[in-house]
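To start, the structure under review is shown below, and the notes come after it.
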Amino acid sequence: MAVLHPTSQIDPSSITSGLNPEQKLAVETTEGPLLIIAGAGSGKTSVMTRRIAFLLGVRKVEPWNILAITFTNKSAKEMNERVRKLVGDRAQDMWMSTFHAMCVKILRREAEQLGYENNFSILDAQDQSAAIKQCMLDLNYDMKKFDPAILQWKISSAKNELLSPKQMKQTASSTLLDSIAANVYQAYQEKLASINAFDFDDLIFHTVHLFSTRQDVLERYQEKFLYLHVDEYQDTNRAQYQLVRLLADKHRNLCVVGDSDQAIYRWRGADISNILNFERDYPEATIIKLEQNYRSTSTILEAANAVIAHNQQRKEKRLWSANGQGEKISVYAALDQTDEAVYVIAKVQEHVGAGGQYRDCTVLYRANAQSRAIEEAFLQAAIPYKILGGLTFYDRREIRDVMAYLKTIANPQDEISLLRIVNVPKRNIGEGTIRRMLDFAHDHELSLLEAMGRVEEAEVGAKATAAIKKFYSLIVDLHDMQEGLSVTEFVEEVLRKTGYREMYETSHKEEDQNRLENLAELLTVTRAFDRRRRGTLADFLAETSLLSDLDKESGKTENAVHMMTMHASKGLEFPVVFLVGAEETIFPHARSMDTLEGIEEERNLCYVAITRAREKLHISYCTERSIFGQLQMNDPSRFLEEIPADFIERSGHDGHVTPHFTIGLTVRHPQYGTGVITDLNGAEEDLSIAITFHSRHGTKWVKPSLTKLRVLDS
DNA sequence: TACGGGATGCTTTTT
DNA sequence: GCATCCCGTA
């Protein structure tokens with residue numbers, strides 16, 4: 001595609017060509033607030049990119065006056081590329097990123113205003129958990145009595161609601177747990193400030209705080225961002241909402257895009273009223289509905305419509321598709337997870353055999369834990385697959401260790417990272433020594449690393465003193481080296497000088513060889529970073545910590561079946577979709593089942609999942625599933641019943657027909673496992689059968705009318 | 001201080 | 001059923 005010269009006049013019709021009237025209107029309505037209600041597959045990304053191209057190419061808006069916020073880094077990148085194709089390299093100067101990445105950029109510039117330094121660290125969920133545990137220890141709270149994970153969640157929620165520790169104390173004195181959470185929150189924030197670190201929620205929280213307390217700073221950004229765009233507006237939380245409001249308040253050129261039916265993040269603080277109340281917040285707003293779906297067959301779309309219609313709390317909207325009817329939705333009743341996996345494999349192979357590609361197929365599940373059964377089966381059947389999300393590259397121990405070294409060096413105050421690596425590899429700096437150093441640091445108001453620099457003054461043994469001195473000079477040396485080196489060169493130095501790589505090289509364990517490979521992979525990542533931009537170590541760290549696994553893979557589409565959670569699939573589309581585990585307590589998930597809101601959000605998730613499919617949708621459920629090593633029987637998901645029967649083609653092991661039991665038949669009992677029928681007694685409701693189990697349970701008499709037995713094929 | 005064995009508790013979903 | 005963490009032992 002030809003890249004246009006920046007000064008050349010761009011023909012407006014080239015930007016809007018091929019759009020339907022609503023889409024065209026959305027592109028050309030550039031002034032004032034605009035709400036685009038975009039159903040699944042309605043070409044929303046295309047509208048967004050063309051709208052921005054229109055601003056740049058036709059309205060002659062400068063790129064640095066445009067802000068566009070997306071849900072993932074990947075979609076930001078994609079959108080940027082698409083705009084570039086339309087208007088050329090100028091597009092690079094736009095701010096196009098996630099909320100978090102945008103806030104990092106702002107906070108790097110404004111850190112001093114908040115009493116932070118601009119080399120601050122960003123704590124991820126695990127660091128966060130470590131810090132919270134430390135605070136609980138300091139405050140003498142029993143971690144067995146008060147679950148740190150729950151406190152972490154409560155603190156995160158408070159930040160999303162823009163509550164400071166003080167405000168949380170005032171509002172939440174209702175329960176003991178809440179007031180403890182507020183105390184830990186306070187200590188935690190103090191700790192973060194002292195180690196010059198923000199957690200994910202802080203990035204937004206502090207930016208909002210800055211803008212609400214410093215009118216001059218806010219005005220600078222209001223004057224900069226003349227045109228604002230927010231994608232997935234239905235999934236913004238209170239803090240994000242406030243941030244957008246503040247920025248848009250002056251010029252009010254705010255375009256938000258969303259679909260309340262696709263709101264799936266309420267559990268992490270997203271507030272659907274942000275989109276529902278847009279008209280109230282901006283009475284002069286233009287509202288455009290995009291209801292034509294360009295993605296799916298009408299069968300798939302009608303099924304999705306039928307399911308979502310069961311939600312009471314929604315605005316009526318009906319998507320339609322001019323695509324053909326397509327195939328029916330296949331619903332498969334599996335015996336168990338293995339059988340379900342076998343079904344998926346058979347259908348994948350069928351698709352490939354008919355000339356399709358592995359990469360056309362995607363398996364969607366409710367929870368990451370479900371991926372294992374499918375993965376094992378894929379492995380066995382030699383089907384190439386790729387799991388997105390779940391345990392990411394950056395969660396691996398060796399990667400976290402190296403990152404902790406880098407964080408320590410980039411931000412010497414970062415005690416969380418320092419504690420992680422101080423004795424990795426082993427340096428004979430043990431628990432007791434650390435404790436004393438922490439106390440010493442605390443008493444003299446030093447950071448832990450500073451305290452280590454003055455280890456002679458702390459009262460630790462001669463051996464420990466020597467070990468700490470050595471460690472301290474290692475870190476100082478590395479710190480002094482970082483200037484002038486690329487990130488890659490620097491990481492090489494870290495791996496070498498710390499002895500970290502050697503630790504694994506001298507090991508003969510299989511898994512340690514794997515770790516070495518991962519370290520090599522990390523260097524590939526740094527090389528890519530160095531090539532792209534000549535950033536600092538802090539830039540690299542910020543970029544990687546805000547990157548999720550989903551963002552990593554974009555350009556090269558591997559020819560493999562993709563596997564991910566339904567949440568992760570939002571915004572994506574695939575020719576063939578397998579929705580597995582469609583059972584009560586799995587989907588909808590047990591923890592969302594007791595409230596109407598919970599169920600409705602699960603239904604939104606179902607709507608999202610169904611509408612990912614372009615051509616063919618398979619839904620499967622297990623009549624029996626082992627969870628925690630225990631056999632469980634679940635009813636098929638209620639969402640299945642909500643799809644009109646005409647759209648469905650059923651197969652598999654339907655549990656409705658009572659099987660005919662005969663001696664010699666192999667059956668499976670929910671608790672005792674498989675066995676052979678050895679005797680019969682009575683009939684109909686009173687029928688009892690004797691089963692000799694393969695397990696140590698021996699022979700037992702069972703009434704099929706009371707216990708759900710499965711007949712196994714042959 | 002390092003390692004191994006056993007108990008424990010866990011499963012939503014993510015920037 | 002598995003990974004993590006805790007505690008006991010060398």
Side-chain angles (χ1 to χ4, degrees), chain A residues 69-76 97-104 122-126 128-129 133 143-144 147-149 152-153 156 159-160 198-205 231-232 235-237 239-240 262-270 337 364-373 376 388-392 394-395 397 423-434 461 463-464 467 509 511 542-551 564-571 581 585-593 598 601-602 604-606 608-609 625-632:
Chain A
I69 296 169
T70 58
F71 202 64
T72 64
N73 294 294
K74 188 180 166 192
S75 49
S97 68
T98 62
F99 272 108
H100 297 269
M102 168 181 89
C103 289
V104 168
I122 299 166
L123 303 193
D124 65 16
Q126 278 186 58
Q128 207 180 355
S129 155
K133 283 176 187 163
M143 290 196 248
K144 287 195 180 114
D147 183 355
Q152 185 177 350
W153 185 81
S156 170
K159 287 182 186 178
N160 289 336
F198 295 111
D199 66 23
F200 281 141
D201 306 313
D202 276 341
L203 295 172
I204 295 165
F205 182 91
D231 195 8
E232 308 285 9
D235 283 324
T236 52
N237 63 32
Q240 292 165 336
Q262 294 186 64
I264 54 175
Y265 285 107
R266 201 176 53 101
W267 53 273
R268 76 176 205 213
Q337 286 132 297
L364 301 181
Y365 35 80
R366 178 65 237 266
N368 277 309
Q370 286 169 254
S371 67
R372 181 172 290 158
E376 277 168 10
L388 299 175
L391 242 208
T392 71
Y394 295 98
D395 286 333
R397 197 213 304 181
N423 203 28
V424 183
K426 300 272 182 286
R427 301 191 174 90
N428 290 313
I429 303 175
E431 196 68 30
T433 311
I434 293 295
K463 235 169 79 184
K509 286 189 203 156
E511 58 171 327
E543 193 178 295
T544 45
S545 56
L546 294 175
L547 219 66
S548 75
D549 209 29
L550 291 169
D551 300 320
M564 67 188 86
T565 64
M566 298 184 214
H567 281 89
S569 74
K570 191 165 80 155
T585 75
I586 302 282
F587 185 44
H589 193 273
R591 287 189 57 168
S592 311
M593 286 185 17
E601 180 156 312
E602 295 282 306
N604 283 351
L605 188 56
C606 185
V608 168
R625 155 183 306 270
S626 92
I627 197 159
F628 299 152
Q630 200 130 67
L631 223 48
Q632 209 181 69

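Below, chain A is the first sequence line, B the second, and so on; all start at residue 1.
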For [X] and [N], what is the distance between atoms [atom1] and [atom2] respectively, to the nearest whole Å?
X	N	atom1	atom2	value
Lys74(A)	dT15(B)	NZ	P	12 Å
Ile204(A)	dT14(B)	CD1	P	17 Å
Leu203(A)	dT15(B)	CG	C1'	9 Å
His100(A)	dT15(B)	NE2	P	9 Å
Gln126(A)	dT14(B)	CD	C1'	13 Å
Gln337(A)	dT11(B)	CD	C1'	13 Å
Gln370(A)	dT11(B)	CD	P	14 Å
Leu388(A)	dT14(B)	CG	P	11 Å

Produce the list of close N/O pairs, under 3.5 Å, pairing protein atoms with atoms of nucleotides 1-5 of chain B; give distances to one decimal.
unit_1, atom_1, unit_2, atom_2, d
dT1(B), OP1, Gly430(A), N, 2.8
dT1(B), OP2, Glu431(A), N, 3.2

Nearest listed nucleotide, side chain of Arg591(A), among dT11(B), dT13(B), dT15(B):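 Of the options given, the side chain of Arg591(A) lies nearest dT11(B).
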So which nucleotide from dT11(B), dT15(B), dT13(B) ends up closest to the side chain of His589(A)?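 When the side chain of His589(A) is considered, dT11(B) is the closest of dT11(B), dT15(B), dT13(B).
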Per-pair stack call Trp267(A) and dT13(B), 5.5 Å, 30°: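 Taking the rule of under 5.5 Å and under 30°, the ring of Trp267(A) does stack on dT13(B).
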Which word best sums up how the rings of Tyr265(A) and Phe71(A) line up, parallel for under 30°, tilted for 30 to 60°, or perpendicular for over 60°?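 Tyr265(A) and Phe71(A): tilted rings.
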Please determine if a side-chain N or O atom of [X] lies less than 4.0 Å away from the OP1 or OP2 oxygen of [N].
X	N	value
Asn160(A)	dT15(B)	no
Thr565(A)	dT14(B)	yes
Asn368(A)	dT13(B)	yes

If the condition is ring pair (Phe, Tyr, Trp, His ring centres under 6.0 Å), which residues does His100(A) pass it with, not counting sequence neighbours?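 With neighbours one apart ignored, the set is Phe200(A).
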Please step through side chain to side chain contact (heavy atoms under 4.5 Å, CB included) for the pair Val608(A) and Met566(A), ending with a clear verdict. CA-CA 7 Å; Val608(A) 168; Met566(A) 298 184 214; 5.9 Å; no
Heavy atoms under 4.0 Å, any strand shown: does Phe99(A) hit a base, just sugar-phosphate, or nothing?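 The residue Phe99(A) makes no contact with any strand.
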State, with a plain yes or no, whether a side-chain heavy atom of [X] is found less than 4.5 Å away from one of [Y].
X	Y	result
Ile264(A)	His567(A)	yes
Gln370(A)	Gln337(A)	no
Leu203(A)	Leu546(A)	yes
Thr98(A)	Ile69(A)	no

Does the side chain of Ser156(A) pick up a donor-acceptor pair with the side chain of Asp201(A) at under 3.5 Å?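 Yes - a donor-acceptor pair under 3.5 Å links their side chains.
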Is any side-chain N of the basic residue among Asp199(A) and Lys159(A) closer than 4.0 Å to the acidic one's carboxylate O?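 Looking at Asp199(A) and Lys159(A), the cut-off is met.
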For a 4.0 angstrom threshold against heavy atoms of chain A, report the outermost contacting nucleotides of DNA chain C in 5' to 3' order.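 Listed 5' to 3', the contact boundaries are dG1(C) to dC2(C).
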Any chance you could measure Glu602(A), atom CD, to Ile586(A), atom CD1, to the nearest 0.5 Å?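 If I round to the nearest 0.5 Å, the distance is 11.0 Å.
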